[in-house]
Amino acid sequence: MPDTVRVRFAPSPTGSFHVGGARTALFNWAFARRHHGTFVLRIEDTDRARSTDAAITQIAEALRWLGLDWDEGPPAPGYRQTERLEIYRAHAERLLAEGRAYRCRCTPATLEALRKEAQARGQTFRYPGTCREADVPASEPHALRLKVPTNGQTVVEDAILGTITFDNDTLDDWILVRTDGTPTYNFCVVVDDVTMKITHAIRGNEHLNNTPKQLACYAALGYAAPVFAHLPLILAPDRSKMSKRHGATTVEEFRDQGIPREAIVNYLVRLGWSHGDQEILSPEEIAAHFDLAHVGKAGAVFDREKLLWLSLEWIKRMPPERLAAELEPFLARAGLPVPADRAHLARIADSLKERSHTFVEMAEQAAFYFRPPPAYDPQATAKFWTAEAPHRYAVLIKRIQAQEAFDAASLEGLYRGLAAE
RNA sequence: GGCCCCAUCGUCUAGAGGCCCAGGACACGGCCCUCUCAAGGCUGAAACACGGGUUCGAAUCCCGUUGGGGCCA
């Protein structure tokens with residue numbers, strides 16, 4: 001293992017920031033921290049049509065909120081692919097000059113015809129290398145293709161999955177630069193990882209099939225490839241890859257639901273990684289213990305119930321002041337008054353922490369501290385405020401009955417007294 | 001369809017040949033605590049996909065089958 005670990009998280013800013021991305025970021029962050037290495041944030045925004053600045057902001061905010069601080073990356077310049085076009089161009093030209101890549105003038109129509117032909121024969125389409133020796137002049141419209149070995153095998157040594165072998169005859173001369181001059185995803189990734197001196201590419205399993213292609217590019221460029229580690233996917237309850245259509249899955253949504261960051265980080269890290277039987281892990285413990293050796297190979301189903309349990313566990317562990325600070329915005333959102341007296345709010349929050357899976361729940365339960373029953377009616381009270389009511393309501397009612405005091409002033413006194421306990 | 005990956009309780013997982021007639025956690029059931037609901041404690045049910053090997057011995061290694069998934073199309 002290189003002395004200086006450098007890893008990166010490279011999201012495409014094309015939509016909301018999902019748990020899958022968050023977990024990839026988390027594993028990279030944890031690996032970097034564990035090895036006292038560098039965690040780089042890189043924005044893969046070459047898909048200009050779908051990339052937005054709003055999405056970049058959203059990703060950055062979510063990462064910060066989760067506590068996944070990056071050592072290099074935006075807002076510093078040079079970490080967005082659209083700022084790096086010159087670098088890709090230079091590498092492409094070098095590959096061309098060194099005969100590792102060639103110009104291809106095959107039109108989309110030609111390729112489409114070949115594809116259909118292959119399909120008709122029940123074969124997978126692979127570019128046949130028509131232009132490989134054609135020496136297409138630069139004056140003609142052309143794409144740039146990489147010369148990929150046509151025989152032999154490409155072996156990927158994956159830190160999680162082990163040795164994976166691909167037959168080279170299943171690969172083809174893939175496009176590095178499109179006819180319109182834009183570099184392709186696989187090319188950018190390789191050039192970026194090389195120029196950013198990435199030592200470990202820790203990424204989602206969906207990229208595994210890109211790896212042999214990329215390896216060919218590293219070889220052509222004359223660089224050593226990083227260590228690859230492909231993370232198992234996060235699955236929806238139906239065992240398909242988790243996506244938007246499976247409901248609340250963005251980091252922002254979880255935050256809005258009042259789940260503490262520690263719970264999300266804890267839950268996500270346990271989805272695929274384990275540290276013996278330990279279920280509760282703080283960010284510090286994760287940073288101290290994380291290792292690729294204990295990352296599982298199989299996909300993991302996302303289980304909201306367990307997330308909520310961890311949320312409760314982390315809420316229970318929070319000091320009252322922190323609880324008060326976290327609860328405050330949720331009180332406001334619930335239309336409840338936020339007590340000016342912070343100590344008072346802290347006592348209220350502390351009294352509710354064992355029965356709140358989220359801060360949204362806590363705010364709901366805090367309501368009775370602020371909303372006295374409009375009028376005391378023994379019958380209605382007996383009917384509505386026993387079985388279903390929160391604990392403190394029952395106590396409150398008892399005291400009201402005992403004191404026969406239910407004018408506004410004494411009610412307020414009772415609330416205060418209870419909140420202070 | 002082609003290529004690749006995966007396979008322990010419903011779910012997340014421990015397990016790197018004997019410590020495992022498989023341990024922990026969530027969820028679920030029961031009991032206890034208790035003025036309610038929680039929290040907490042105890043407890044119950046619940047899994048090594050299947051078939052062949054290898055080995056004195058396999059959840060652990062190999063092969064196959066089945067199932068699931070991903071990518072490409």
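In what follows, every chain begins at residue 1, and chains take the letters A, B, ... in the order their sequences are listed.
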Notebook entry, point to check: Could you state the CG-P distance from A:Asp291 to B:rA14, rounded to the nearest angstrom?
Noted result: 11 Å
Check: In Å and rounded to the nearest 0.5 Å, what is the NZ to CG distance from A:Lys297 to A:Leu231?
Finding: 14.0 Å
Check: With a non-hydrogen cut-off below 4.0 angstrom, is A:His294 in contact with a base, only sugar-phosphate, or nothing?
Finding: sugar-phosphate
Checklist line | Pair assignment for B:rA14, Watson-Crick or G-U wobble, requiring both distances under 3.5 Å | finding: none
Next item on the list: Report the distance from atom CG of A:Leu235 to atom C1' of B:rC12, rounded to the nearest whole Å.
Entry: 12 Å
Note to self: From CG of A:Leu231 over to P of B:rC5, roughly how many Å is that when rounded to an integer?
What the structure shows: 17 Å
Notebook entry, point to check: Distance between the P atoms of B:rG10 and B:rA22, in whole angstroms?
Noted result: 15 Å
Next item on the list: Using the C1' atoms only, state how far B:rC26 lies from B:rA45, rounded to an integer number of Å.
Entry: 15 Å
Check: A:Tyr267 and ring-ring contact (aromatic ring centres under 6.0 Å, His included): which partner among A:Trp309, A:Phe302, A:Trp314?
Finding: A:Phe302
Item checked: Nucleotide paired to B:rC72 in any strand shown, Watson-Crick or G-U, under 3.5 Å -> B:rG1
Note to self: Which nucleotide, if any, forms a Watson-Crick or G-U wobble pair with B:rC42, using both distances under 3.5 Å?
What the structure shows: B:rG30
Notebook entry, point to check: Which word best sums up how the rings of A:Phe359 and A:Phe330 line up, parallel for under 30°, tilted for 30 to 60°, or perpendicular for over 60°?
Noted result: parallel
Notebook entry, point to check: Taking all non-hydrogen atoms of both residues, which atom of A:Val269 and which atom of A:Leu26 are closest, and how far apart?
Noted result: N-CD2, 3.6 Å
Next item on the list: Would you indicate, yes or no, if B:rA38 has its OP1 or OP2 atom less than 4.0 angstrom from a side-chain nitrogen or oxygen of A:Lys353?
Entry: no
Checklist line | Base partner of B:rC35, which must satisfy Watson-Crick or wobble distances under 3.5 Å | finding: none
Next item on the list: Can you tell me the distance, in whole Å, between the CD atom of A:Gln214 and the C1' atom of B:rC72?
Entry: 15 Å
Next item on the list: Check whether any side-chain N or O of A:Ser240 sits under 4.0 Å from OP1 or OP2 of B:rG69, and answer yes or no.
Entry: no
Note to self: Using a distance-only criterion (donor-acceptor N/O pair, under 3.5 Å, no hydrogens), is the base of B:rG70 paired with the side chain of A:Asn205?
What the structure shows: no
Margin query: Can you check the distance between B:rA39 and B:rU34, where both ends of the measurement are the C1' atom (answer in whole Å)?
Written below: 11 Å
Next item on the list: For nucleotides B:rG23 and B:rG29, find the distance between their P atoms and express it as a whole number of Å.
Entry: 22 Å
Notebook entry, point to check: Base, sugar-phosphate, or nothing: which does A:Glu305 touch, judged by heavy atoms less than 4.0 Å apart?
Noted result: sugar-phosphate
Check: Using purine N1 to pyrimidine N3 plus N6-O4 or O6-N4 for Watson-Crick, or N1-O2 and O6-N3 for G-U wobble, both under 3.5 Å, which nucleotide pairs with B:rG67?
Finding: B:rC6
Next item on the list: Hey, can you tell me if A:Phe31 and A:Phe290 have their rings parallel, tilted or perpendicular (30° and 60° cut-offs)?
Entry: perpendicular
Margin query: Between B:rC72 and B:rU13, how many Å separate the two C1' atoms, rounded to a whole number?
Written below: 32 Å
Item checked: Short side-chain N/O contact from A:Arg239 to OP1 or OP2 of B:rC12, under 4.0 Å -> yes
Margin query: Can you check the distance between B:rC20 and B:rA14, where both ends of the measurement are the C1' atom (answer in whole Å)?
Written below: 11 Å
Check: Which whole-number value in Å describes the distance from A:Asp167 CG to B:rC5 P?
Finding: 11 Å
Checklist line | Between B:rC50 and B:rC71 - P atom distance, rounded Å | finding: 29 Å
Note to self: Using a 4.0 Å heavy-atom cut-off, does A:Glu313 contact any base of the nucleic acid, only the sugar-phosphate backbone, or nothing at all?
What the structure shows: sugar-phosphate
Note to self: Please identify which of these residues, A:Val191, A:Ile87, A:Asp192, A:Ile43, meets the side chain to side chain contact (heavy atoms under 4.5 Å, CB included) condition with A:Gln81.
What the structure shows: A:Asp192
Next item on the list: Nearest whole angstrom, please: distance from the C1' of B:rG41 to the CD of A:Glu354.
Entry: 14 Å
Notebook entry, point to check: What interatomic distance, in whole Å, is found between C1' of B:rA7 and the corresponding atom of B:rC12?
Noted result: 15 Å
